[in-house]
Protein chains: 2
Amino acid sequence: MATGRTHRPATRSRGIPEATVARLPLYLRALTALSERSVPTVSSEELAAAAGVNSAKLRKDFSYLGSYGTRGVGYDVEYLVYQISRELGLTQDWPVVIVGIGNLGAALANYGGFASRGFRVAALIDADPAMAGKPVAGIPVQHSDDLEKIIQDNGVSIGVIATPAGAAQAVCDRLVAAGVTSILNFAPTVLSVPDGVDVRKVDLSIELQILAFHEQRKAGEEAAAADGGVPAAAARGESADQGPDGDMPAVMPA
Amino acid sequence: MATGRTHRPATRSRGIPEATVARLPLYLRALTALSERSVPTVSSEELAAAAGVNSAKLRKDFSYLGSYGTRGVGYDVEYLVYQISRELGLTQDWPVVIVGIGNLGAALANYGGFASRGFRVAALIDADPAMAGKPVAGIPVQHSDDLEKIIQDNGVSIGVIATPAGAAQAVCDRLVAAGVTSILNFAPTVLSVPDGVDVRKVDLSIELQILAFHEQRKAGEEAAAADGGVPAAAARGESADQGPDGDMPAVMPA
DNA sequence: CCATCTTTGTGCACGCGTTCACAAAGACAT
DNA sequence: ATGTCTTTGTGAACGCGTGCACAAAGATGG
């Protein structure tokens, strides 16, 4: 999950729940795949399976957009692709800038999933003068001194931050000051932005940590099941000599 | 958000809500930063601000772990770092493999956030024979023929998929067959896995699409406000000659 | 030892999201 | 035209997550 928007209590956009909006890209991807195979119509059941959700949820999601299905038949694939694209705003061109052209920034610049959905990489920006002019993904990297000018000349409203954590807030401030109102943040920091600016974050290591949590739990349960014993307390860490709930800290509190 | 696990209805792990688990890495990051600055204690209010959440939520989250705070004082930073790390399973070593060493895979291999949290990149795997032996982030890439052996030799239980979408399911199946029980998927596909295997996905373009949705809505509201008119229906698409709700499709349904 | 002040931990209420289950709508065959 | 069958769209119930607001706990000062 990536949250962090400016918490919009009233005005739930046209009545479409946030959770539904977050799933629309999923449906769109599945529909695009069907479209490429020239499948004319699809039922909620089939599409739900392809998108990895439950069919009731999918139908309710679509009901927020309107009645675009035909009872007894299903949904017209092309029609739905258009409707969802329009709802998401993908029928227009969105110029984006990527700031911070390290490994991740370069990967993002090369990522095909952007261009195919109306996102156009308008510029790549990096603070390292040695990078300036060097082409990445066919686009010459520009120096961050020109950030404001680049934003304004290209009418950019969406910025992607892929800098180290330390530089992220400063870059964010400059982007916002230059007119950017949506930010996708890959740096592991909490960005503070004024009202009216949306921030979404993607943290690569957070997802891994969540997996580790469940993985550990699985291992614990397994061991407990083998012992035929209590839920899951032992066989969790590596040092076994801990309290009844494994509470002994490495560093005691004051 | 990244969902897609095998839906665990009963056994909500030790009673810790999923939403809380997803925030623990956030707290941990903020606490680690405090620890590096040698801050001894922190109040829920301060820590919440640093993590970008509300303080009541943070206190409730911590209450699921136990009573680790001191009223009138706050939380002991080092102690809390340890407790959260232990809860997330980061006190043990997690060998991971990254499959698909393109731009993204290389970025992941170089990403510092893994190593600093108990994740060790045990191997890099790619299907391209030309990549074999080539070092990325100091680790020689191995060919995917040896995938099963690599998994077993290193006791890997967490796999990262950074291949093209078309190859993802096949790689996933092989990882699972070889013993991997947690998968972080960067490929834009829905993976199907047997029960007991957790999948989390990160889709770079989904987040951008969600931003576009809000961006479009902002633009629409702005225009409507300027017109002094109805909510947001006009000024959305580019072609203005549409129905009362902008419903005319580019492709009519059958 | 007592009073005051700070901050945690949590009971409670509310709202959002999910799921069930079914009526309504339409396709299709006869 | 009528009946059957499929599939949508949605009302209603439920459960989870969030945020408020406050009592309990402990620190601190006199």
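Residue numbering restarts at 1 for every chain, and letters A, B, ... go by the order of the sequence lines.
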Hey, does B:Tyr75 reach any base, or is it just sugar-phosphate, or nothing, if we go heavy atoms under 4.0 Å? sugar-phosphate
Decide yes or no, distance alone: a donor-acceptor N/O pair under 3.5 angstrom between the base of D:dG19 and the side-chain of B:Lys60. yes
Decide yes or no, distance alone: a donor-acceptor N/O pair under 3.5 angstrom between the base of D:dT7 and the side-chain of A:Arg71. no
Can the ring centroids of A:Phe62 and A:Tyr75 be said to lie less than 6.0 angstrom from one another? yes
Please report the distance, rounded to the nearest Å, between [atom1] in [X] and [atom2] in [N].
X       : N      : atom1 : atom2 : value
A:Tyr79 : D:dT8  : OH    : P     : 15 Å
A:Leu65 : D:dT10 : CG    : C1'   : 15 Å
B:Asn54 : C:dG15 : CG    : C1'   : 15 Å
B:Glu45 : C:dG9  : CD    : C1'   : 14 Å
B:Glu18 : D:dC16 : CD    : C1'   : 12 Å

Is it the case that the side chains of B:Arg86 and B:Thr91 hold a donor-acceptor pair, with the cut-off being a distance below 3.5 Å and no angle test? no
From the list D:dT8, D:dT18, C:dT18, which nucleotide is the closest neighbour of the side chain of A:Lys57? C:dT18
Among D:dT18, C:dT10, C:dA27, which nucleotide sits nearest the side chain of B:Ser63? C:dT10
